[in-house]
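Scroll down for the structure; my scribbles are underneath it.
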Amino acid sequence: MIMSRIEAPRDEVTGNLVDRLLSDLPAEAVLADPDVTVSYANDMASFCPAGTPAVVVLPRTAEQVQHVMRIATELRVPVVPQGARTGLSGAANASDGCIVLSLTKMDRILEINPVDRIAVVEPGVVNATLSRAVNELGLYYPPDPSSWEMCTIGGNIGTASGGLCCVKYGVTAEYVLGLDVVLADGRLMSTGRRTAKGVAGYDMTRLFVGSEGSLGIVVQATLALRPKPPEQLVLAAEFASGAAACDAVCRIMEGGHVPSLLELMDRTTVKAVNDLAHMGLPETTEALLLAAFDTTDPAADLAAVGALCEAAGASQVVPADDAAESELLLQARRLSLTALEAVKGTTMIDDVCVPRSRLGELLEGTERIAEKHRLTIGVVAHAGDGNTHPTVCFDAADPDESRRARESFDEIMALGLELGGTITGEHGVGVLKKEWLAREIGPVGVEMQRAVKGVFDPLGILNPGKLF
């Protein structure tokens with residue numbers, strides 16, 4: 001029913017859609033050249049179909065977004081919100097005949113308040129830009145996706161993204177205090193608060209975080225900040241098996257330690273990094289664990305964690321003495337995805353999160369799946385919170401290998417659910433995992449989510465075809 005409402009009048013409205021949009025938008029904000037609009041068709045996900053947008057709009061104000069949504073509602077035209085399109089689930093992919101609403105031009109930091117420890121920003125602000133701005137004032141915005149130099153705050157909110165620091169500081173949802181949202185019919189709604197506490201009514205802010213643009217368009221966000229922590233120190237521990245490394249993770253967390261970072265790379269990833277960057281990591285390394293602390297005495301914390309790693313069977317433990325050494329140790333982790341891309345030319349990055357206690361089983365199961373499908377699958381993980389990124393390497397020009405890659409991807413998601421986990425810890429559902437969302441939350445869960453969608457978007461014009 002949703003799609004039929006959108007498609008039925010499309011031929012009638014396409015001719016005057018651009019003119020209607022230009023009635024209250026500057027010419028430079030409306031892109032209709034097909035050679036240009038096609039570049040906005042998709043994000044970075046593999047195996048996700050994308051349609052052809054009718055027009056791309058780049059608003060600079062909330063009022064301009066309201067105008068777009070009023071026209072879209074009147075003409076029953078679908079709208080696909082976009083940030084920097086660094087997503088990995090197809091959530092920003094265009095649908096045929098849609099308005100792509102790119103929010104990258106709404107990139108102002110409106111306020112940084114050191115007393116209230118908040119920042120007020122527009123959705124197009126790049127994560128790294130905000131982080132550096134607040135750091136200059138002795139503050140810290142913790143969420144740090146791997147694409148933080150490119151991804152936007154609006155996109156981070158849309159997918160409830162995470163990052164390397166989640167083990168200590170949590171994910172994006174925990175830092176969004178309030179939102180200004182343009183609804184499907186063009187009305188502007190404010191949610192949440194600027195205060196440290198507040199429980200008035202339903203938590204509408206959390207509802208929008210992770211909704212992938214399916215309920216409304218975020219045009220402003222009030223974000224919580226923390227005091228800037230001390231410089232972190234990093235430890236690298238090498239293990240002769242993935243199981244031993246996962247045992248070390250369990251010992252660290254059971255021991256009450258609170259690392260600022262706890263990352264794991266399996267042997268496939270370590271080899272790929274060595275091949276790409278010649279970092280000299282031992283070829284015998286089956287798993288590399290990186291732990292960091294940003295406490296007042298990080299050296300003491302690293303010593304304690306190093307002892308736990310040795311007790312779990314680490315063959316070598318290397319603590320950094322200073323920030324420069326720490327950064328060198330982290331380079332291997334930062335190069336992981338680039339190195340895995342170089343293996344075959346194309347990667348499909350999974351995003352399965354499991355309880356920490358079952359992390360070893362996920363690694364072992366992924367290795368079996370790789371052998372079954374005759375594929376290279378490297379695993380990098382935010383081990384401290386159980387969020388794994390099994391990365392399938394394949395040749396996109398080889399139909400059989402592409403098929404096996406997709407099948408292995410699905411089997412890894414099934415394994416994650418069997419282990420008590422979830423199909424996505426931070427990348428979102430988008431197009432890629434729609435069928436798996438239904439399996440995870442069940443028919444009643446899908447029914448209730450569809451009902452919520454119907455309240456906010458009764459015509460089904462906001463990011464149709466995503467989530468469910």
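When reading the values below, keep in mind they use all heavy atoms of this one structure, side chains included, and skip hydrogens, waters and symmetry mates.
Taking OG1 of T269 as the reference point, atom CG of L281 lies at 11.5 Å (rounded to 0.5 Å). In this structure, OG on S102 lies 8.5 Å from CG on L31, to the nearest 0.5 angstrom. Atom CG of L289 sits about 5.5 Å away from atom CZ of F239, to the nearest 0.5 Å. Between atom CG of residue D350 and atom CE of residue M413 there is a gap of 5.5 Å, rounded to the nearest 0.5 Å.
Using a 4.0 Å cut-off between charged side-chain N and carboxylate O, R132 and E149 make a salt bridge. At a threshold of 4.0 Å, the pair D410-K433 does not count as salt-bridged, since none of the basic side-chain nitrogens sits closer than that to a carboxylate oxygen. Salt-bridge formation is not detected for the pair E174/R206: no Lys NZ or Arg NE/NH1/NH2 atom is positioned less than 4.0 Å from an Asp or Glu carboxylate oxygen. A salt bridge is defined here as a Lys NZ or Arg NE, NH1 or NH2 lying under 4.0 Å from an Asp or Glu carboxylate O, and K168 with D294 meets this definition. Between E122 and R60, no side-chain nitrogen of the basic residue sits less than 4.0 Å from a carboxylate oxygen of the acidic one, so the salt-bridge criterion is not met. Look at E401 and K344 and you find a salt bridge, because one of the NZ, NE, NH1 or NH2 atoms lies within 4.0 Å of a carboxylate O, short of that distance. Salt bridge absent: R251 and E254 never bring a charged side-chain N and a carboxylate O closer than 4.0 Å.
No cation-pi contact links R334 to W148, judged by a cut-off of 6.0 Å to the six-membered ring centre and 45° from its axis. With Y40 as the aromatic partner, R85 meets the cation-pi criteria of under 6.0 angstrom to the ring centre and within 45 degrees of the ring axis.
The shortest side-chain heavy-atom distance between S214 and F208 does not fall under the 4.5 Å cut-off. Side-chain contact between Q220 and M106 is absent, with no heavy atoms from C-beta onward closer than 4.5 Å. Contact annotation: the side chain of T338 approaches that of L276 to within less than 4.5 Å [non-hydrogen atoms, C-beta and beyond].
Taking the side-chain contact (heavy atoms from CB on, under 4.5 Å) definition, one finds that A94 meets it with P53, C98, V100, sequence neighbours left out.
No option in P229, C165, S131 other than C165 meets the side chain to side chain contact (heavy atoms under 4.5 Å, CB included) test with P142.
Closest non-hydrogen pair, A383 versus L359, comes out as CB-CD2, 3.8 Å.
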Sequence neighbours left out, cut at 3.5 Å: what donor-acceptor pairs do the side chains of residues 460-468 make with other protein atoms?
residue	atom	partner	partner atom	Å
N463	OD1	K466	NZ	2.6
N463	ND2	A91	O	2.9
N463	ND2	E212	O	2.7
K466	NZ	A91	O	3.3
K466	NZ	N93	O	2.7

Go through the steps to decide whether R267 and E367 satisfy the test salt bridge (Lys or Arg N to Asp or Glu O under 4.0 Å), and finish with yes or no.
CA-CA 10 Å; R267 64 178 176 185; E367 188 171 347; 2.4 Å; yes
